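Chain identifiers are assigned alphabetically (A, B, ...) following the order of the sequence lines, protein sequences preceding nucleic acid strands; residue numbering begins at 1 within each chain. The figures here come from the full heavy-atom set of this structure, side chains too, leaving out hydrogens, waters and symmetry mates. As the structure is a computational prediction, the values presented were derived from the model and not from experiment.
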Protein chains: 2
Amino acid sequence: MQITRAAEYGVLGLTALARRPLGEVVMIETLCAEEDIPNSFLGKILQSLAKAGIVKSARGSGGGFSLARTPTEVTALEIIEAIEGPIAFQRCLDEDLGCEHSGGCALCALLSEAQEQVREVFGRTTLSDLTGRHIPNGLVRQARNRSSETAAPVMPLDPVPVQPAPAS
Amino acid sequence: MQITRAAEYGVLGLTALARRPLGEVVMIETLCAEEDIPNSFLGKILQSLAKAGIVKSARGSGGGFSLARTPTEVTALEIIEAIEGPIAFQRCLDEDLGCEHSGGCALCALLSEAQEQVREVFGRTTLSDLTGRHIPNGLVRQARNRSSETAAPVMPLDPVPVQPAPAS
DNA sequence: GCTTTTCCAGACGAATTTGGTCTGGTTCGC
DNA sequence: GCGAACCAGACCAAATTCGTCTGGAAAAGC
């Protein structure tokens, strides 16, 4: 009942991209340093995101990754499903191989409802919502290392949760 | 991002118990046959549920398990959390070991919201909601075996999903 | 066209989790 | 005391997660 690291890193990596001017090409290594993500792992994750059309990749020197769309057009649901595959609380809700249990399975109905709630929350949150307040871990660490003592917080930050969308 | 078999079996086993008069003591073996669950696995699951005070166990001959409360008083959330531990979409949302990422982490806020939605859905669904329409797999199989041909459905059943609670 | 720099694709593998089984108790009714 | 049932935990196989590594392939610059 947890999101995978891959999805977590994927979102984080994208926020790092989204913090830049749209279309700017950034190397994997830069993103990894910024967000404290293992290097070759993020590479694999970004490949999935490229296949899903969320980022564009450019090879060769001067290459790297860039967002394929504006951050307001990319939802967390797209990102997570591009990496983890479709969100499915149970086997029978994923492919339509039918429920193992017979009849109108109440358990499946329950899981299906819960799953739809999650998809709704993820679906209405965009990358730009996520980018706003997030301070990348790597940057904080780097700042800490530079001013080796006096570990003052980089920026005062009120921990405001993501606000729910106005009832549509 | 899936519920475990253990939780699934746990819910199924409890619906089998809930279909009986309250307080009736049933052996693991009977429940397993009814719901098509591996025998000793359900034993372990029921132990968790007993510790959580959802079922009562009775040892010795004539022993078995019975519901400790009426099905309307037991929520799916309780059942699932008794088996899987607290629902936590991410490490930092479980214990309060703080978020690995710094500052007001937007990702955690998002996951937290999704998680609360799931808890809400599970929390408002009771065991009696789940028991209503469910036809146990094992019983269907047994019926199929008895009337070896003419595999007619055991009971006509309109597959109505769990209805959402009225807006509170 | 050669070299360098970057991504690409997939094989590989360690660690963890899941899904169970098994064994040796312990408790209860008879 | 004996058999029927649960109890507690050790144990194990398979799947999944969380990565790493290697050998390309494409693009840019010379």
Whole angstrom is fine here: how far is it from [atom1] in [X] over to [atom2] in [N]?
X: K51(B); N: dC6(D); atom1: NZ; atom2: P; value: 16 Å
X: N39(A); N: dT5(C); atom1: CG; atom2: P; value: 15 Å
X: E29(A); N: dC7(C); atom1: CD; atom2: P; value: 9 Å
X: I45(A); N: dC8(C); atom1: CD1; atom2: P; value: 14 Å
X: Q47(B); N: dT21(C); atom1: CD; atom2: P; value: 14 Å
X: K56(B); N: dC7(D); atom1: NZ; atom2: P; value: 13 Å

Write down the atom of [X], the atom of [Y], and the distance for their closest heavy-atom approach.
X: E34(B); Y: A16(B); result: OE1-CB, 3.6 Å
X: L67(B); Y: K56(B); result: O-CE, 4.0 Å
X: F122(B); Y: L111(A); result: CZ-CD2, 3.8 Å

task = Step by step, work out the salt bridge (Lys or Arg N to Asp or Glu O under 4.0 Å) result for E73(A) and R69(A).
result = CA-CA 6 Å; E73(A) 286 173 340; R69(A) 288 179 266 158; 5.5 Å; no

Base, sugar-phosphate or nothing for [X]? Non-hydrogen atoms, less than 4.0 Å.
X: A50(B); answer: nothing
X: L46(B); answer: nothing
X: G43(A); answer: nothing

Common cluster, V25(B)/I45(B), ILVMFWY with side-chain heavy-atom separation under 4.5 Å =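 Cluster IDs for V25(B) and I45(B) differ.
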
inquiry  = Same cluster or not: L12(A) versus M1(B), using hydrophobic residues (I, L, V, M, F, W, Y) connected whenever any side-chain heavy atoms lie under 4.5 Å apart?
reply    =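 Yes, it is one cluster - the side chains of L12(A) and M1(B) are joined through contacts under 4.5 Å.
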
message = Do Q90(A) and Q2(B) pair up side chain to side chain, a donor and an acceptor below 3.5 Å, judged on atom types alone?
response =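 On atom types as modelled, these side chains do not qualify, holding no pair under 3.5 Å.
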
task = Step by step, work out the side-chain contact (heavy atoms from CB on, under 4.5 Å) result for T15(A) and L127(A).
result = CA-CA 7 Å; T15(A) 62; L127(A) 184 52; 4.0 Å; yes

message = Run the side chain to side chain donor-acceptor pair (under 3.5 Å) test on E84(B) and T4(B) for me, step by step, so that the C-alpha distance in whole Å, both residues' side-chain angles and the decisive distance to 0.1 Å come before the verdict.
response = CA-CA 8 Å; E84(B) 292 195 352; T4(B) 60; 2.7 Å; yes

Sequence-aligned protein contact record of nucleotides 14-19 of chain D, with B where the base is within under 4.0 Å of a protein heavy atom and S where only the sugar-phosphate is = ----SB

query = Given the rule in the side-chain contact (heavy atoms from CB on, under 4.5 Å) test, do I37(A) and L31(A) qualify, once you have shown the distances and angles that lead to the verdict?
reply = CA-CA 8 Å; I37(A) 300 175; L31(A) 295 173; over 6 Å; no

ask   = Side-chain N or O of S57(A) less than 4.0 angstrom from OP1 or OP2 on dT6(C)?
value =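 For S57(A), the contact criterion (side-chain N or O under 4.0 Å from OP1 or OP2 of dT6(C)) is not met.
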
Set out, line by line, the N/O atom pairs under 3.5 Å between protein and nucleotides 23-27 of chain D.
residue : atom : partner : partner atom : Å
dA26(D) : O4'  : R59(A)  : NH1          : 2.6

Using nucleotides 13-16 of chain C, report all nitrogen or oxygen pairs with the protein that are shorter than 3.5 Å.
none

task = Evaluate the salt bridge (Lys or Arg N to Asp or Glu O under 4.0 Å) criterion for residues E113(A) and R124(B): first the C-alpha distance (whole Å), next the side-chain angles of each, then the deciding distance (0.1 Å), finally the verdict.
result = CA-CA 12 Å; E113(A) 191 189 347; R124(B) 84 163 115 85; 2.9 Å; yes

